[in-house]
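Before any comments, here is the structure.
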There are 2 protein chains.
Amino acid sequence: MAAGSRASFGRVAVALCIPHRRRNPAPLFPASPPPRMDDLYTMPGHLIRRAQQISTALFTEECAGFDLTSVQFAALTAIKANPDVDATRLSALIAFDRSTIGDVLERLEAKGWILRSASQGDRRVKLLRITPAGSKLLRDVLPAVKRVQERLLAPLAPEDRVTMIRLLTGLAELHNEVTPAPLRIAAQR
Amino acid sequence: MAAGSRASFGRVAVALCIPHRRRNPAPLFPASPPPRMDDLYTMPGHLIRRAQQISTALFTEECAGFDLTSVQFAALTAIKANPDVDATRLSALIAFDRSTIGDVLERLEAKGWILRSASQGDRRVKLLRITPAGSKLLRDVLPAVKRVQERLLAPLAPEDRVTMIRLLTGLAELHNEVTPAPLRIAAQR
DNA sequence: CTCATAAAGACAGTATACGGTCAATCCCGG
DNA sequence: CCGGGATTGACCGTATACTGTCTTTATGAG
């Protein structure tokens, strides 16, 4: 595993090496001619997609056997921390698309990890609550989830790990409003 | 737009602030008790998902009117740079899942941007080639795609932009083998 | 009180992702 | 030459994402 994941550094490094130094400090991304593969490989958009792939792969690997996705983990965690939220506010708490969360909740309910009950005050709303089974699952899977986070940053130098979190946090915060599902901490009603 | 995207820094910053300083430098991720929202918000996995959301949103916004996704852009770019690749090697060049790329190619073909022709030597293989319409599209959309990359990193400090690319590149390279679709530069036959 | 509006959740349609299977085909060792 | 193993692309099934629409229900203005 570890050996395998280190096998092809050299080959990949051919194109994925440290960002090219450019003479002028001005444009981070070069001119207009037909995009070359090298350009593609240094585009943040491409790199972020790769990071997401890696994140998902590690989660799947570490949490195999729990029948849980990272998305479901986030939802479950937020429901436990916010008993009786409704779907819309939950989606804001974890920056999910409102259209997507319905299916996620349905699967969580089908597995017996959450309950959806009609709200008394507002008949449009379904309140969400974690079940004992859901709590137990969350407890059991937590070590694996932590391993995912550690393994994700493990290949970076220790000081780079903190930097990575800082930069990603800044990115998410400063771009919060451009996403279709912006994060809202205080889910005001 | 710009004003809107800066409207809620304070609120979001409540939970998405600079990573907490911990007394011991040891564990980057804390102990075992029930995960709190704050933990979730600093998990690299969560932050990477947010970054992907942002990247997609910016691409959609900048490239609206081209009827093109970021995935399709990457495929088209790679096909242009590697005439007569087949689907399997293409997927390795841009780190796509082999199961996914079939549909992507079908859509590209339906829009008249690529051609799929049977290989003479190997009757299993379909060779891929960009059409003039595809080349024109790529030329036309390139400025928008560059704007996406610039806007993605724009909110970071200039020195942080380079760091971000360096760290993401390292992450992708060092974790290359854990993904289901590892990147292969030299698509050896 | 009533109507326009807004909000909640369901649902349909499109596009990735990824695991797994399958038929056709290739290729290498015997 | 031949058969088993590997490869290619097509599919199927599941899970996200996101846009847009629709029904039901709340709520606030007049």
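Naming: A, B, ... by sequence-line order, numbering from 1 per chain.
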For this session: Answer yes or no: is there a side-chain heavy-atom contact under 4.5 Å between B/Met43 and A/Phe73?
Result: yes
For this session: Quick one: label A/Thr100 by what it contacts on the DNA or RNA (base, sugar-phosphate, nothing), any heavy atom closer than 4.0 Å.
Result: base
Problem set entry | B/Gln72 side-chain proximity, nearest of D/dT8, C/dA8, C/dA15 | C/dA15
Exercise. B/Asp97 has a side chain; which of D/dA17, D/dT8, C/dC18 sits nearest to it?
Worked result: C/dC18
Exercise. Side-chain contact, heavy-atom cut-off 4.5 Å: A/Arg49 with B/Phe96?
Worked result: yes
Problem set entry | Distance-only donor-acceptor test (3.5 Å): side chain B/Arg124, base D/dT7 | yes
Problem set entry | B/Gln149 side chain reached by B/Val145 side chain, heavy atoms, under 4.5 Å | yes
Exercise. Base, sugar-phosphate alone, or nothing: which one does A/Ser99 contact when heavy atoms must sit under 4.0 Å apart?
Worked result: base
For this session: Find the distance B/Asp86:CG to D/dT7:C1' and express it as a whole number of Å.
Result: 10 Å
Exercise. The side chain of B/Val125 lies closest to which of these nucleotides: D/dG9, C/dT25, C/dT16?
Worked result: D/dG9
Exercise. Is the shortest side-chain N to carboxylate O distance from A/Arg166 to B/Asp160 below 4.0 Å?
Worked result: yes
Seminar exercise, completed: Closest to the 5' end of DNA chain D, once B/Glu106 and B/Thr56 are matched to their nearest nucleotides, is B/Glu106
